[in-house]
Amino acid sequence: MCNKLGGVHVPDGFLDPATSVATGALAAGTVALALRKAREELDDRTAPLAGLTAAFVFAGQMMNFPLPGLPVSGHLIGAVLTAVLVGPWTAVLCMTVVLLVQAALFADGGITALGTNVTLMALLAVVVGYGVFRGLAALLPRTRTGVLAATGIAAFLSVPVAALSFVGLFAIGGSVDLPLGTVAAAMTGVHLLIGLGEAAITVAVVGAVLAVRPDLVHGAARLRTATPLAGRPTGAATVLR
Amino acid sequence: MTRRGRTLWLAGLVAALLVAGFLSWYASGSPDGLEHAAEEAGFAHTAEDSVTAGSPLADYLVDGEENRLSAGAAGVIGVVVTLALAGGLTLVLRRRGSSADRS
């Protein structure tokens, strides 16, 4: 038993100052835009869920799970979980709050690396993850299973997306001059495995909320206009709104 | 919030507090994906201590005490602070009175 939580987050020192300033500017611009756009996603019904989701993601990120057969652990990012539950712009804000609290209070993730961590986990993981989710949800049947399948695949992909984005940043402004392939090879394998954990947790949580309050799930809005779900004769999904 | 909404919200909060305040003690202590990759690729040594490394809550412990109570308290504080900040922000940003099922 050990509680030595290093945190997956990028520490200070991995990237040079110029790259950190650039990701900081990108992060600040994204948050400024999200502060405007999130208003469209938030109302009296959804705002309380958004705050709770951020708190849940904070907790989930503490729960490092072991990878089978490897001396490595992984933990939830929560970007797709948050985006599917409360909307992508609100997810940018929730994820940023989580990363800010971790860096400021818990020394998890560097302060000069905060912009990098926001760019990776609150911007790219959300935007790419939610984009994949929407694309798949449009192709898959408009059922709970369809929504959950799209959620799981998007959550899985969001982890290698964040990991490979870090590899890209390291190629531009890494602390050590290493061949891109070396860093990419070290990052990819473990993060594909961590992605499976991300998908499992995300599907479990989104599935639980869909079961009780499908009307609260931002990414399941299309279910509400669909015919009542099979096996749910009360038509809960259609009447709640 | 409707009764069902309130139940869901409270269940979520209890789950978050339970994970952060209790279960996290049993989390894996192995290096995480990035730490492992940094060691493997050879840049782990370039990590610097955060300026907040001296924070009383650094490393998810209260005053660095490695025990259940300290770790649990740190987790609970984190959940409460995150909830207050993210919840406060989203409540301020929300479109008021736009919901049909307030109660």
Side-chain angles (χ1 to χ4, degrees), chain A residues 1-8 10-14 35 38-39 42-45 47-52 54-56 58-60 62-66 71-75 90 93-94 97-98 101 103-107 110-111 163 174-176 178 182-183 186-187 190-191 194 209 212-213, chain B residues 1 4-5 8-9 12-13 15-16 19-20 23-38 40-43 46-48 50-53 55 57-61 66 71 74-75 78-79 81-83 85-91 93-102:
Chain A
M1 166 182 347
C2 176
N3 193 56
K4 184 75 195 86
L5 291 157
V8 261
V10 179
D12 291 328
F14 275 6
L35 283 168
R39 285 173 195 276
L42 292 165
D43 59 29
D44 290 341
R45 244 168 11 99
L49 183 66
L52 175 65
F56 190 87
F58 174 89
M62 288 183 73
M63 204 61 222
N64 284 53
F65 49 84
V72 187
S73 68
H75 71 59
T90 307
L93 298 179
C94 289
V97 168
V98 170
V101 169
L105 293 184
F106 298 92
I111 293 291
S175 53
V176 188
L178 290 171
T182 307
V183 184
M187 287 291 279
V190 285
H191 284 95
I194 296 170
V209 181
V212 257
R213 287 293 302 266
Chain B
M1 230 189 277
R4 230 173 161 194
L8 174 71
W9 198 88
L13 181 62
V19 170
L23 290 178
S24 65
W25 180 254
Y26 301 96
S28 167
S30 301
D32 64 45
L34 177 60
E35 282 173 319
H36 173 78
E40 194 134 285
F43 62 91
T46 62
E48 293 162 13
S50 168
V51 292
T52 60
S55 155
L57 291 171
D59 291 328
Y60 298 90
L61 296 169
E66 279 215 38
V79 167
V81 171
T82 305
L83 180 65
L85 289 179
L89 179 65
T90 50
L91 281 177
L93 290 178
R94 82 192 192 279
R95 290 170 289 126
R96 269 150 242 227
S98 54
S99 170
D101 67 350
R102 276 186 302 158

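Atom set for the values below is all heavy atoms of this structure, side chains included, hydrogens, waters and symmetry mates excluded. First the proteins, then the strands, lettered A, B, ... as listed; each starts at 1.
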Requested in this report: Quick one: which of Leu49(A), Leu178(A), Thr90(A) has the most heavy-atom pairs under 4.5 Å with chain B, could you say?
Outcome: Leu178(A)
Report summary line: Bottom line for Leu91(B): the part with an atom under 4.5 Å from chain A's heavy atoms is both
Report summary line: Most heavy-atom pairs under 4.5 Å with chain B, out of Pro48(A), Gly110(A), Cys94(A), Ala50(A), belong to Pro48(A)
Query raised in the report: When rounded to the nearest 0.5 angstrom, what is the spacing between CZ in Phe56(A) and OG1 in Thr82(B)?
Result: 13.0 Å
Query raised in the report: Between Val98(A), Thr182(A), Val97(A), Leu93(A), which residue shows the highest count of heavy-atom pairs closer than 4.5 Å to chain B?
Result: Val97(A)
Requested in this report: Heavy atoms only, distances under 4.5 angstrom: which of Ala53(B), Gly12(B), Ala15(B) has the most pairs with chain A? Name it, please.
Outcome: Gly12(B)
Requested in this report: Measure Ala163(A) against the heavy atoms of chain B and call it side chain, backbone, both or neither at under 4.5 Å.
Outcome: neither
Report task. Check whether any side-chain N or O of Ser30(B) sits under 3.5 Å from a backbone N or O of Ser73(A) as a donor-acceptor pair, and report yes or no. Result -> no
**Report entry** Partner chain A: residue of Leu83(B), Leu93(B), Leu13(B) with the largest heavy-atom pair count (under 4.5 Å)
**Finding:** Leu93(B)
Report summary line: Turns out that what part of Phe58(A) lies under 4.5 Å from chain B's heavy atoms comes down to side chain
Report summary line: Taking every heavy atom of Met62(A) against every heavy atom of Ala27(B), the minimum-distance pair comes out as O-CB, 3.5 Å
Query raised in the report: For the candidates Ala58(B), Gly87(B), Gly5(B), which exhibits the highest count of non-hydrogen atom pairs separated by less than 4.5 Å from chain A?
Result: Ala58(B)
Requested in this report: With sequence neighbours excluded, tell me which residues meet ring pair (Phe, Tyr, Trp, His ring centres under 6.0 Å) with Phe43(B).
Outcome: Phe14(A), Phe170(A)
Query - Side chains of Met187(A) and Leu34(B) in contact at under 4.5 Å (non-hydrogen atoms) - result: yes
Query raised in the report: Arg95(B) side chain to Arg39(A) main-chain N or O, any donor-acceptor pair under 3.5 Å?
Result: yes
Requested in this report: Against chain B, work out which of Leu35(A), Leu52(A), Ile111(A) has the most heavy-atom pairs shorter than 4.5 Å and name it.
Outcome: Leu52(A)
Query raised in the report: Which atom names give the shortest non-hydrogen contact between Val79(B) and Ala55(A), and what distance separates them?
Result: O-CB, 3.8 Å
Report task. Give the member of Val209(A), Asp12(A), Val101(A), Val176(A) that has the highest number of heavy-atom pairs under 4.5 Å with chain B. Result -> Asp12(A)
Requested in this report: Tell me, please, which residues at least two apart from Leu23(B) pass side-chain contact (heavy atoms from CB on, under 4.5 Å).
Outcome: Met63(A), Val19(B)
Report task. Let me know if Val183(A) has heavy atoms under 4.5 Å from chain B in its side chain, its backbone, both or neither. Result -> both
Report summary line: Most contact-rich option vs chain A, by heavy-atom pairs under 4.5 angstrom, among Ala38(B), Gly42(B), Ala74(B), is Ala74(B)
Requested in this report: Could you have a look at Ala38(A), Ala104(A), Gly174(A) and say which one has the most heavy-atom pairs with chain B under 4.5 angstrom?
Outcome: Ala104(A)
